[in-house]
Amino acid sequence: MHSHSKEDTAEKIHTLLEQLTHHFEEDGQDTATHLEGLLHSNYVKYWEYIRLDTLLTLQNPKTAFPDEMIFIVYHQITELYFKMVLHELNQLKEEVSATGDYFLKRMERVNWYFGQLISSFDLISVGLDQHQFLKFRAALTPASGFQSVQYRMVEIASTDLINLVHRDQRDHFDDYSTIEEMFEQLYWKKGAQDVQTGKKTLTLRQFEKEYTDTLIRLAYEYKSRNIWSVFKRLSFEEQSDERIRQSMKQLDQHVNINWPLMHYKYALGYLIKNKSIYGATGGTNWREYLPPRFQKLMFFPDLYSTEEIDLWGKNWVEKEVLSKIQASKQV
Ligand code: HEM
């Protein structure tokens with residue numbers, strides 16, 4: 001057993017007092033007052049620290065269907081994971097002299113978080129009854145996961161903005177194009193057009209009103225500090241390091257294929273019933289917009305061969321998606 005003698009403890013306290021005095025003097029603070037404060041301060045309690053009471057007040061279903069609670073909680077869980085991802089990407093942005101090791105560590109974390117999100121998506125099918133979903137979704141229109149600003153932030157923090165421009169528009173831009181010009185042509189803006197009229201959906205217009213300024217500011221911040229630009233500033237050896245390149249391909253695969261496909265699988269599963277396809281709450285042409293095969297979105301195109309680019313997301317879509325669409329009709 002490990003035990004301290006009284007002398008050991010006294011000496012330790014003495015040293016700590018010296019250190020504390022030094023520390024407070026540096027800041028022009030009175031040590032005695034701070035120590036006295038300790039006498040009166042409360043112990044940390046788990047529930048206060050984690051803000052449990054507040055956290056548990058944040059789930060407010062809009063209908064009486066019990067499974068709506070699951071729908072809300074799982075979206076919130078996803079948003080908290082996005083928050084952790086952004087936390088790492090922000091550190092990468094701030095660390096001006098990032099080494100290969102530092103870079104890799106952040107990428108490993110981000111990949112792990114996305115891996116968790118991809119494998120946990122099945123929670124939807126366990127906890128969310130389709131019959132209930134098709135009822136309570138009506139109360140949520142025109143809200144949509146499309147309006148997840150953190151999802152857009154992850155994209156902006158990962159790559160140069162041009163890679164997020166709709167692929168039909170990319171040729172219209174060059175090194176002199178401004179962030180504002182490119183921003184207007186981002187792939188998700190093109191996707192969120194009304195199926196009937198071709199105009200911007202209300203879902204998109206509301207999102208733009210709320211977040212355009214924030215996202216443009218973010219795009220400026222990450223302009224030369226996104227994952228790709230940080231990678232380009234690593235040493236030649238580090239840039240050729242397979243572990244680093246793999247970690248980037250993994251992220252690309254996770255964010256631009258695996259997560260979207262899991263999501264799409266459930267969008268299809270929940271919006272198709274008795275061979276009928278339901279419109280989305282966000283009103284997009286979602287069957288064309290969501291599948292990565294059609295979007296061909298990638299953060300790090302320079303890491304791939306032409307063949308890899310050609311095959312981006314292909315197999316999965318043919319197997320899981322096209323067959324189901326062919327077997328269905330629009331309602
Ligand atoms: C029953 C489950 C779900 C269905 C049926 C569904 C359906 C859809 C549809 C149809 C869209 C296209 C936009 C629109 O027209 O509304 C969309 C977009 C989106 N949803 Fe979901 N969703 C589901 C679950 C989730 C969950 C759990 C999340 C996690 C936060 C999520 C996040 C997103 C995001 C980020 C987008 C935008 C994707 C992009 O722009 O590529 N969705 N969803």
Side-chain angles (χ1 to χ4, degrees), residues 59 65 67-86 113-114 116-138 140-156 158 164 166-167 186-196 199-208 211 215 254-273 277-299 313 317 321 324-325 330:
Q59 297 72 36
F65 293 100
D67 290 1
E68 191 191 343
M69 177 63 86
I70 314 303
F71 189 70
I72 294 175
V73 171
Y74 187 61
H75 277 83
Q76 291 183 337
I77 291 173
T78 306
E79 292 291 347
L80 287 175
Y81 269 95
F82 288 163
K83 179 166 182 157
M84 293 196 287
V85 168
L86 287 166
Y113 300 148
F114 264 101
Q116 293 302 305
L117 281 180
I118 291 154
S119 56
S120 70
F121 221 112
D122 290 330
L123 180 145
I124 286 284
S125 67
V126 176
L128 182 61
D129 181 272
Q130 187 190 21
H131 178 73
Q132 291 189 33
F133 171 74
L134 287 175
K135 289 267 183 330
F136 73 67
R137 63 190 285 279
L140 311 182
T141 309
S144 164
F146 177 88
Q147 296 174 321
S148 164
V149 72
Q150 291 201 108
Y151 190 83
R152 306 300 169 209
M153 288 175 156
V154 169
E155 295 177 329
I156 290 175
S158 296
L164 303 176
H166 192 280
R167 65 194 160 110
L186 293 187
Y187 80 94
W188 46 267
K189 293 208 180 201
K190 302 279 132 204
Q193 288 171 356
D194 192 277
V195 191
Q196 313 291 344
K199 284 199 197 132
K200 284 185 177 183
T201 57
L202 178 60
T203 305
L204 173 60
R205 282 184 280 127
Q206 289 185 333
F207 181 72
E208 287 179 333
Y211 290 119
L215 289 177
H254 271 344
V255 184
N256 293 318
I257 299 184
N258 299 343
W259 190 86
L261 286 176
M262 277 310 266
H263 171 259
Y264 190 60
K265 178 171 150 181
Y266 284 109
L268 275 183
Y270 277 77
L271 291 173
I272 293 183
K273 198 177 179 195
I277 300 179
Y278 291 76
T281 49
T284 66
N285 43 352
W286 62 277
R287 282 177 299 143
E288 281 171 29
Y289 168 67
L290 287 180
R293 171 66 178 150
F294 304 135
Q295 291 291 336
K296 276 222 183 331
L297 200 71
M298 50 188 89
F299 292 156
V317 173
V321 179
K324 285 191 189 155
I325 288 178
Q330 183 87 37

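In listed order, ligands and their atoms are each counted from 1. When reading the values below, keep in mind they use all heavy atoms of this one structure, side chains included, and skip hydrogens, waters and symmetry mates. Along the sequence shown, residues are numbered consecutively beginning with 1.
Below 4.0 Å from some heavy atom of Phe121 lie the following atoms of ligand 1, by number and element: 25 (C), 26 (C), 27 (C). Residue Thr78 has at least one heavy-atom neighbour below 4.0 Å for each of these atoms of ligand 1: 29 (C), 30 (C). Residue-ligand proximity, Arg152 to ligand 1, at heavy-atom distances under 4.0 Å covers atoms 37 (C), 39 (C), 40 (O). Near Phe133, meaning under 4.0 Å from any of its heavy atoms, are these atoms of ligand 1: 1 (C), 5 (C). Remark: ligand 1 atoms within the under-4.0 Å shell around heavy atoms of Tyr74 are 27 (C).
Here the heavy atom of the protein found nearest to atom 3 (C) of ligand 1 is Phe71 CE1, 4.4 Å. Of all protein heavy atoms, the one closest to atom 41 (O) of ligand 1 is Tyr289 OH, 3.6 Å. Of the protein's non-hydrogen atoms, His75 NE2, 3.3 Å is the one closest to atom 25 (C) of ligand 1. Of all protein heavy atoms, the one lying nearest to atom 16 (O) of ligand 1 is Ser144 OG, 2.7 Å. Considering only non-hydrogen protein atoms, atom 10 (C) of ligand 1 sits nearest to Ala280 CB, 3.3 Å. Remark: minimum distance from atom 4 (C) of ligand 1 to any protein heavy atom is reached at Ala267 CA, 4.0 Å. Gly145 O, 3.3 Å is the protein heavy atom nearest to atom 35 (C) of ligand 1. Annotation: atom 17 (C) of ligand 1 to nearest protein heavy atom, His263 CE1, 3.3 Å.
Heavy atoms only, all atoms of each residue included: Ser120 and Tyr74 are closest at OG-OH, 2.8 Å. Minimum interatomic distance between Leu290 and Ala267 (heavy atoms only, all atoms of both residues): CD1-CB, 4.3 Å. Nearest heavy atoms, Phe82 versus Ser148: CE1-OG, 3.8 Å. Among all heavy-atom pairs drawn from Lys200 and Leu204, the shortest one is CG-CD2, 3.7 Å.
At a 4.0 Å heavy-atom cut-off, ligand 1 touches Thr284 through backbone and side chain alike. Counting heavy atoms closer than 4.0 Å to ligand 1, residue Lys265 contributes nothing at all. When heavy-atom distances to ligand 1 are checked against a 4.0 Å cut-off, Tyr264 has no atom that comes that close, whether in backbone or side chain. Here Leu290 has side-chain heavy atoms under 4.0 Å from ligand 1, and that is the only part of it that gets that close.
In this structure, Trp259 is part of the shell of residues with a heavy atom less than 4.0 angstrom from ligand 1. At a 4.0 Å cut-off, not a single heavy atom of Glu79 sits close enough to ligand 1 to count as contact.
The aromatic rings of Phe133 and Phe71 sit tilted relative to each other, their planes meeting at an angle between 30° and 60°. Taking the six-membered ring for Trp and thresholds of 30 and 60 degrees, Phe146 and Phe207 have ring planes more than 60 degrees apart, a perpendicular arrangement.
Judged purely by atom type and a 3.5 angstrom limit, Ser144 has no side-chain atom pairing as donor or acceptor with the backbone of Thr281. A donor-acceptor contact shorter than 3.5 Å links the side chain of Gln130 to the backbone of Gly269. The closest donor-acceptor contact from the side chain of Tyr211 to the backbone of Arg152 lies at 3.5 Å or more, if one exists at all. Listed for the Gln132 side chain is no donor-acceptor partner under 3.5 Å among the backbone atoms of Glu68.
Residue-to-ligand polar distances place Gly282 within reach of ligand 1: an N/O pair is separated by less than 3.5 Å.
Between Trp259 and Tyr151, the ring centre distance stays below 6.0 Å.
Within a 6.0 Å sphere centred on NZ of Lys135, other residues, nucleotides and ligands contribute 12 heavy atoms or fewer.
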